[in-house]
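Predicted model, so just to flag it, every value in this text is computed and none were measured. Keep in mind that the numbers below use all heavy atoms, side chains included, and drop hydrogens, waters and symmetry copies.
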Amino acid sequence: MRWIAKTNLCFKSIPAFSQRRIVVPECLRRYLTLSSCPPEWSQDAVFASLIDGSTHFSHLAGVHAKMTVLGLLENSFLITKLVHACSNLGDVRYARKLFDEFPLRDVFLWNAIVRGYSRHDMFADAIVMYSRMLCAGVMPDGFTFPYVLKACAALPTLVIGRRVHGQVFRHGLESDVFVQNGVVALYTRCGDTASARMLFDRLGERTVVTWTSLISGYCQNGQPVVALELFHKMREDDIYPDWIVLVSVLRAYSDIEDLEQGKSLHGCIIKMGLEDEPDLLISLTSMYAKGGQVTVARTFFDRMEKPCLILWNAMISGYARSGHGEEAVELFRNLVSLNVRPDSITVSSAVLACALVGLLELARWMDAFVCQSDYSEDTIVNTALIDMYSKCGSIQLAREVFERTENKDVVMWSAMIGGYGIHGKGQEAIELYRAMKKAGVHPNDVTFIGLLTACNHSGLLKDGWHLFHHMRDYGIEPRHQHYSCVVDLLGRAGYLREAYSFILKMPIDPGVSVWGALLSACKTHRDVGLGEHAAIQLFSLDPNNIGHYVQLSNLYASLRQWDEVAKIRVLVKERGLSKDISYSSIEVNGKLETFRVGDNSHSRFDEIFEELERIEGRLKESGFVNDAESLTHDLIDEEKDRVLCSHSERLAISYGLISTPPGATLRITKNLRACVSCHAATKFISKLVCREIVVRDANRFHHFKDGVCSCGDYW
DNA sequence: ATAGGGTTAG
């Protein structure tokens, strides 16, 4: 008894100690070595404390051994506690062993084992144990269902979940808040927000958890606006938000791209004193990064001494999603060098970032990384790789990834089809589509966007038209993108009137993309009347987008209507817009060099300019004439030549020619669409210098070889 | 003992 007194620990203080979850102290461990318990002690209470105070599985094993010696294994209360503690400390198998060895199981013991499996994501086992419990004739209670429902929510279908929901009624638990929260979460997690909403509306009692389930459900099913409405209703109901519901609300603001509202919520979070909640910090990081405020996001990231993987992922994907590909790749390299193990989300975000950067050499590095990682078979990662390679200019390497992946889903097929699309390989895209159907994979709306784009870029009017009408056979309702593809298709081919009447017959409001497609077609075919009509729609729908003004101005310029061009320039100035600066980048030795129009800042400018002049001279010799239609100013011919020759694309080509070995492919990326004159010149140059030149413009890829372009002058 | 959240591909 003396050792107890010495440590100032009397029996009364044991429960307090167990609640604080302190490591089993030495004194209690010594107790385990005694052969019997002092008679005035309650053995049960001491062992309960020992179990609760264990912080390592080895402690529990010791306690279990002692219980065996003392013959305490008949006590269902203690066994339940042991099972519970074992699963908490990570050894569900040991918990199951204890469970199996104890034949007289009450509802508490059953709950403990179901909970153990559910908490460790072993959902099938949780459901199996639940059904065995029913077979054993034990009545589930209000604690059983939350665990079981959580397991059901993780299954891909609602079949079992619905059955369990029925059993909730049979056991009279339809007014238990915890159980009902589980049911609401079940339906939202399985994507059935309608059922979840119906249940929610009928509930008598709702806690912040109930609201959170539904709000996050709407977020995950692409209805952030509804999620936000619900959040405001929740506030009207005087439910005080906690940090978990705010996670979903931040995501909703991020999804509707309303950074201002997000910022003001951030202010509230600071006032509520929740800013240091690590998991809320992840949401804030993600929101700011996706919203383009990468510097702010980065300060959150840097604030953490040891960021968790999800924070890494949020930062990397945030960089990528806001167009900061290089920063994303750099951060991914940081992670790798710190020996942090990436998961499939990290890797797919990094692959997405590489697609954005566009360097083929970087793409190959990323591919090699994936191949030696745990994710070489991962469908999502490989889909990202296919997209990456096609955006980095190599449709062949994209196809290799496609071929080597075993499990192809619709998304992967669609990515490959879309890849052929932006490379102007319409026939290949259609062939692949046939193969996909043959493989028993059903197309979705994205598949058709890829197909229609492919038809567009290859001028396959009939095929595109046919495919568009084919969508309905699959029950797919066309979206804006599909309609704009068709308008593009008709418009490029010169069927401007048909395109316009097609727009008038659309069942949904034609948006920016549809009118944009029409305007662009009017520019190609120099139809001022219809072009102006399209432009007026665009100016009211999307007044701050400089691109529409440039398009209309170019249309006027192509018809030499300089007065109109000047009017547009005034309009642009009035609205305070400025023209996007055009630039081209070229990949040399795995590095990007960027040029703007008339750029003379490069260290090798003299050599570049010399090469440029040499090339222009040879072009003229072979009869090439610069087409001035893409200029918006009324210049004399000589000036036009000078401006066109110093277009960023030509500077990039010249630099490529002097800094790579003869015959090497040149890979160029432009931020805007290819201009008519440079496109024609590049075709000539490819033949003149016997080089393949790959140009990625804002829309698609052009492969120049032997004087022709893969786009067939159709872009 | 219970339920809710954050990061990926077209």
Side-chain angles (χ1 to χ4, degrees), chain A residues 52 80-81 83-85 87-88 107-109 111-112 114-116 118-119 141-150 153 176-186 188-189 207-217 219-220 242-251 254 277-287 289-290 307-318 320-321 342-352 355 375 378-388 390-391 409-419 421 444-450 453 481:
Chain A
D52 286 348
T80 302
K81 255 194 176 317
V83 168
H84 195 97
S87 68
N88 273 352
V107 64
F108 297 102
L109 185 53
N111 283 351
V114 173
R115 184 190 108 112
S118 189
R119 271 181 60 131
D141 65 8
F143 284 85
T144 320
F145 284 106
Y147 308 131
V148 182
L149 289 165
K150 187 186 167 192
D176 183 309
V177 201
F178 280 89
V179 176
Q180 287 311 320
N181 288 347
V183 177
V184 172
L186 163 73
T188 57
R189 293 283 293 278
T207 66
V208 66
V209 178
T210 333
W211 288 92
T212 309
S213 294
L214 201 58
I215 291 171
S216 78
C219 272
Q220 274 151 16
D242 64 2
W243 67 266
I244 297 187
V245 73
L246 294 176
V247 163
S248 291
V249 182
L250 285 173
R251 182 184 151 168
S254 174
E277 190 61 59
D279 289 348
L280 202 47
L281 206 68
I282 297 170
S283 301
L284 285 167
T285 308
S286 173
M287 182 188 74
K290 277 192 211 160
C308 70
L309 188 59
I310 297 182
L311 183 57
W312 280 100
N313 292 351
M315 195 64 226
I316 293 171
S317 76
R321 290 275 291 271
D343 65 5
S344 75
I345 296 179
T346 328
V347 177
S348 15
S349 304
V351 175
L352 175 70
Y375 307 104
D378 188 292
T379 307
I380 294 181
V381 170
N382 280 305
T383 302
L385 280 179
I386 291 172
D387 185 50
M388 172 190 77
S390 47
K391 285 185 178 152
D409 62 0
V410 215
V411 186
M412 181 170 283
W413 285 93
S414 304
M416 195 64 228
I417 290 172
N444 65 14
D445 55 339
V446 184
T447 320
F448 281 98
I449 290 175
T453 312
Q481 287 186 64

Q: Please work out if Arg189(A) contacts a base, only the sugar-phosphate, or nothing of the nucleic acid, heavy-atom cut-off 4.0 Å.
A: sugar-phosphate
Q. What's the spacing between Ile215(A) CD1 and Ile244(A) CD1 if we round to 0.5 Å?
A. 12.5 Å
(Q) Using a 4.0 Å heavy-atom cut-off, does Phe108(A) contact any base of the nucleic acid, only the sugar-phosphate backbone, or nothing at all? (A) base
Q) Contact class for Val381(A) (heavy atom, under 4.0 Å): base, sugar-phosphate, or nothing? A) nothing
Q: Mind checking Lys290(A) for me? I need base, sugar-phosphate or nothing, with any heavy atom below 4.0 Å counting as a touch.
A: sugar-phosphate
Q: For Lys391(A), check salt bridge (charged side-chain N to carboxylate O under 4.0 Å, His left out) against everything at least two apart and list the hits.
A: Asp387(A)
Q | Contacts of Asp445(A) that satisfy salt bridge (charged side-chain N to carboxylate O under 4.0 Å, His left out) - sequence neighbours left out | A | Arg479(A)
Q: Indicate, with a heavy-atom threshold strictly under 4.0 Å, whether Gly419(A) touches base, sugar-phosphate, or nothing.
A: nothing
Q: Would you mind classifying the nucleic acid contact of Asp176(A) as base, sugar-phosphate or nothing, using non-hydrogen atoms under 4.0 angstrom?
A: nothing
**Q.** Worked verdict on Gln180(A) versus Thr210(A) for side-chain contact (heavy atoms from CB on, under 4.5 Å)
**A.** CA-CA 8 Å; Gln180(A) 287 311 320; Thr210(A) 333; over 6 Å; no
Q) Who passes side-chain hydrogen bond (donor to acceptor under 3.5 Å, both in side chains) against Lys290(A), sequence neighbours left out? A) none
(Q) Over all strands shown, is Trp211(A) touching base, sugar-phosphate only, or nothing at heavy-atom distances under 4.0 angstrom? (A) nothing
Q: Check every strand shown and say whether Asn382(A) touches a base, only sugar-phosphate, or nothing at a heavy-atom separation below 4.0 Å.
A: nothing
Q.
Distance under 4.0 Å to a non-hydrogen atom of chain A counts as contact; along DNA chain B, which nucleotides mark the start and end?
A. dA1(B) to dG10(B)
Q. Which is true for Asp387(A) with a 4.0 Å heavy-atom rule: it touches a base, it touches only sugar-phosphate, or it touches nothing?
A. sugar-phosphate
Could you tabulate the donor-acceptor pairs under 3.5 Å formed by side-chain atoms of residues 343-351 of chain A, not counting sequence neighbours?
| unit_1 | atom_1 | unit_2 | atom_2 | d |
| --- | --- | --- | --- | --- |
| Asp343(A) | OD1 | Asn313(A) | ND2 | 3.3 |
| Asp343(A) | OD1 | Ile345(A) | N | 3.0 |
| Asp343(A) | OD1 | Thr346(A) | N | 2.9 |
| Asp343(A) | OD1 | Thr346(A) | OG1 | 2.7 |
| Thr346(A) | OG1 | Asn313(A) | OD1 | 2.7 |
| Thr346(A) | OG1 | Asp343(A) | N | 3.0 |
| Thr346(A) | OG1 | Asp343(A) | O | 3.4 |
| Ser348(A) | OG | Ser344(A) | O | 2.5 |
| Ser349(A) | OG | Ile345(A) | O | 2.8 |

Q: Scan Leu352(A) against the nucleic acid and name what it touches under 4.0 Å (heavy atoms): base, sugar-phosphate only, or nothing.
A: sugar-phosphate
Q) With sequence neighbours left out, what residues match Arg251(A) under side-chain hydrogen bond (donor to acceptor under 3.5 Å, both in side chains)? A) Asp255(A)
Q) Looking for any heavy atom pair under 4.0 Å, which part of the strands does Gln481(A) touch: base, sugar-phosphate only, or nothing? A) nothing
